[in-house]
Each structure stands twice: as C-alpha cells, then as structure tokens.
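Values in this document were obtained by computation on a predicted structure and should not be read as measured data. First the proteins, then the strands, lettered A, B, ... as listed; each starts at 1.
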Amino acid sequence: MEWLSYLSFTGGGWGDELLRGLGVTLALAAASLPVGLALGLAVAALGLCRRALWRGLAASFSTTIRGLPELLTLFIIYHGVGLALNSLLKWLSPGATPVELSPFLAGVIALGLVFAGYSSEVWRGAWQSLDRGQLEAAQAIGVRRLTIFRLIELPQLLRLALPGLGNLWISLIKDTALVSVIALNDLMRMANVAVGVTKKPFLFFAVVCLVYWAICLLCEWGLARLEQRANRGFEREGRAA
Amino acid sequence: MIDILERFSGQLLSGAGLTLQITLIASLLAFCLSLPLALLRRSPSAAWRWPVRLYVSFFRGTPLLAQLFLVYYGSGQFRVPLTEAGLWWFFRDPYYCALLTFVLNSTAYQVEILRGGLRAVPSGQIEAGIALGLRKLELYRRIILPNAYRIAFPALGNELILLLKGSAVVSVITVLDVMGQTRRAFSQTFDLSVYFWAAVLYLLMTTIFVLLWRRLERCLTRHLHCRSAQPGKRRGLFTRLSTGVAP
C-alpha cells in the first residue's frame, strides 16, 4: 500500500496537486464549451445562408478544422496568435514589452475552434431537420427573425443537437489533455511533474487515465439523463432515435 | 514561405511517410483484432461480454495522450521484469509504444463501430440464411459479415481519419512524424509558415483519403445504386468532403 502515500493529499503526497490539475482541466473544458457552441452555431448559420460565398466560407472552415490534428491547431494558435499579438503591439507602440499568450487562453481558443468546427455540422443537421412550417407560420404572423430564432428554433435545435453535442463535449474533455504539451498545469502535466519527482510513471498515468475515465462516464450518464429530459414530450421518437 | 518549404520539404515528407505508416499499420492490426472482440461483445455470456465492454469503455473514455504516456513512460516502472522477459527492446522504443497504443485505441473504437454494424444487419436475411440451412460459419461469411462491414464502412473511414489526426501526439514522445518534424523545424526557425505547410500536408492526406474511401464505398455498395440512382442529386465537393470527416 505504499503507492497510496504517493497520492495522499497532505505532505509529500501528490493528491492535492493532481486535484488542482483536475480543476484546471475542467475549467479549460468549461471555458471552451460556450466559445465552441456559439461559434459553431454562427458557422452553421453561415452554412445555411443563401449567398454561396458565406456557405463556402463556412464549409471551408469546418473542413479545415476537422482535417487538422487538434495538436497542430493548438500549436498554430499558441505560437501564431502570440506572434501576431506581439507584432501588433510593436506596430502600435515600438517600445512596448512583448506579451506572451497564456497557455490557458490559447487552449480555450484552440479547443473552442475545434469544437466549433465539429459542432457546426451538428447544428446544421439539426437546423435542416426543423419543421419549416413553424418558421413560415411565425413569419406570417409577423414575428421578428431574432424572436423566431429565440422562441421557436433554438429550443428545438437544442433537443435535436443534444446527442451530437454530447459526444463532442466528451471529446473536448479528452482533448484538454493536449494542452499539457504547451505547459498548462492541467491534470496531465501535474502527473508529468509528479512522475519527474517520484519516478513512478505507471502509477500516476494510470491514475490520470482512471480520472479521465470517471469524468467521461459521469458525463455520459449526465447526458443520457439530459436527453431523456429533452425528449420527454417525444416519448416514441426519442426511443427510436 | 516558399523558402521554408524548400528547406524542410524533405523532412516534412518523410514525416508524412511515418504518419501514414503508423496509421495504416495500427488500423490494419486493429481491423483484425476488432472482429473477434466485436463478436465476443455480442456473446450471450456476460463473462465474455463484460471484459470487452470494460476495455472499449476505458480506451474510448481516456485521452490518447494519457494512454500513450501510460504505455511509453509507464512501462519504465517495470523495466527489470520487462528486461527479464525479453520485452524491453519493444517498450524502450517510442515508435513501437505508439504503435501498440494506437492498435489498442483503434481496436476499441472499431469494436464499437462493428457492433453497430452487426446489430444493423437485417434480421430477415439472417433468418433466410438459417432457413436455407447454412452453417454458422457460412452464415457469417456470406450474409452477416458482408452486410455488417458495408454498414460500418463510412464509420470505419471516420475512425481512420481520427487515428491519422490523433497520431500527431506521437511527436510528444519524440517520434518524428509530420508534427514532430514541424515542431523541430519551428524550433530552428521560429517561422510560422512551417505550421502552414504542415496543415496543408495534413489536409491533403485527409482529403485524398476521404475521396479514396468514397470511391471504395461506392464500389462496395454498387448493387444498391441502380435502384436509388438520382442523377440530379449530385452534391458539391465541399459537402462531400465535409460530411466525410464527420465524427
């Protein structure tokens, strides 16, 4: 049972460090989600525009994002946005000290973009399966476009897109592990640090895997409950889907 | 930008070769392993079903990077017994560790895809086969498996693309795939266009793969086309590409 002492929350144990890393991981996922959801919805709306230019733009965004490894996207954002920021700063005031993009912010942008790329397809699919008659009825009685979206389309979109978005949320949690590579102190990196000190790689990486596994199982359970609730008016269709 | 390409094109291309090599070998091995496991997953006995279920759930519920670290660094904790067993040469090499991790990971995903495919085989066809007196092996070979693989085909293509993209994490354990070569070139030049060319390379690989897979799929389902051929419904390249990479 000596391995338990490595994981204790006091003194020389690494339990508290790992817990803090887990907090960063969850914060990163939670911060990327709204970015990805909103951006994905915007891209989906562009993809359903009448203008071919907007449609092409939306399609090339989601194709590009989904064709690139998440790790590459992360590096491009981390180094690219940092460089762009600094050259902009230099242009504005030549004497300014260079800033560094925080790994957390880079992670939020990169993971948000990845989530947007994938979720735009989910949103688009859900949007296309909405009943057009409802939209036309609302337009006929003179409801404004934004109100139609808020009161008629969005509630149904959420229900239809929930299964797809749930899967993406779980991949998002797993993708947060990549951000440890650009030195964000998340769960994965804390384990790396602990391994460097204790020389017990199997123990710590196994614990990390188990923690991620537990989070994913918990999310799956929660999403199943959420779907059940979202489909409560649609007993039969919900079960068939 | 062009000068960066001239300077590093050799490295990037050799990286692409390694990326493709890892992806193809791992997915082929996983392809072989997934069928028996998928059959076990559907076995009536819970003692067979549960281990497979746990395995699939674990590998789908943890990040690939964590799995890779568990295999590559984690094996270091058992260096002495592994050396005694004559296996240390395998776990010492990041390339083999990456391959092992990807095989385990991809097998888990492919088992789940195949399970869906097996479940979706029309039961009328299976019953017809039984009624004809086909033996179990014959039934699988002629009716169940061709149907299941045909149904699972698009999802298997997506899994291959996910693996191709996921393989970029091997750069973290010093394997020089596209990502590894890119990171090395970037650390030498601090020129962002290296990343641009790497992105182009990845997009090229995934696009060619998607087109190839579509062609194959059309070939596999050609008996279904004459019935539902809709000449007016040809979709644009963009939609075809983008639907092909969907998760």
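Side-chain atoms of B:T101 and B:Q67 include no donor-acceptor pair closer than 3.5 Å.
With a threshold of 4.5 angstrom between heavy atoms, A:L203 approaches chain B through its backbone and through its side chain. Neither the backbone nor the side chain of B:F196 comes within less than 4.5 Å of any heavy atom in chain A. Neither the backbone nor the side chain of A:T73 comes within contact range of chain B; no heavy atoms are under 4.5 Å apart. If you measure heavy-atom distances from A:E70 to chain B, the contacts under 4.5 Å come from the side chain alone. At a 4.5 Å heavy-atom cutoff, B:Y72 makes no contact with chain A through either its backbone or its side chain. Proximity to chain A involves both the backbone and the side chain of B:V169, based on heavy atoms less than 4.5 angstrom apart. Looking at B:S171, the atoms closer than 4.5 Å to chain A (heavy atoms on both sides) all sit in the side chain, from C-beta outward. Residue A:I170: no heavy atom, backbone or side chain, is found under 4.5 Å from chain B.
By the neighbour-count criterion of 12 heavy atoms within 6.0 Å, atom CZ of B:R79 is sparsely surrounded, having that number or fewer from other residues, nucleotides or ligands.
Note: B:L65 leads B:L204, B:V71, B:L65 in heavy-atom pairs under 4.5 Å with chain A. Among B:F69, B:Y73, B:F59, the residue with the largest count of heavy-atom pairs under 4.5 Å with chain A is B:F69. Your options are A:L210, A:V211, A:N192, and the one with the most heavy-atom pairs under 4.5 Å with chain B is A:N192.
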Tell me, with the steps shown, if B:R214 and B:E217 meet salt bridge (Lys or Arg N to Asp or Glu O under 4.0 Å).
CA-CA 5 Å; B:R214 298 239 148 201; B:E217 191 187 340; 5.2 Å; no
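With B:W213 contributing its side chain and B:F153 its backbone, the two residues share a donor-acceptor pair below 3.5 Å.
Rounded to the nearest 0.5 Å, atoms CG (A:D175) and CG (A:L111) are 6.0 Å apart. One distance of note links CD of B:Q110 with CG of B:L37; it measures 11.0 Å at 0.5 Å rounding.
Salt-bridge formation is detected for the pair B:R115/B:E112: a Lys NZ or Arg NE/NH1/NH2 atom is positioned less than 4.0 Å from an Asp or Glu carboxylate oxygen.
Note that B:R53 lies in the cation-pi zone of B:W50, set by a 6.0 Å cut-off to the ring centre and a 45° limit from the axis.
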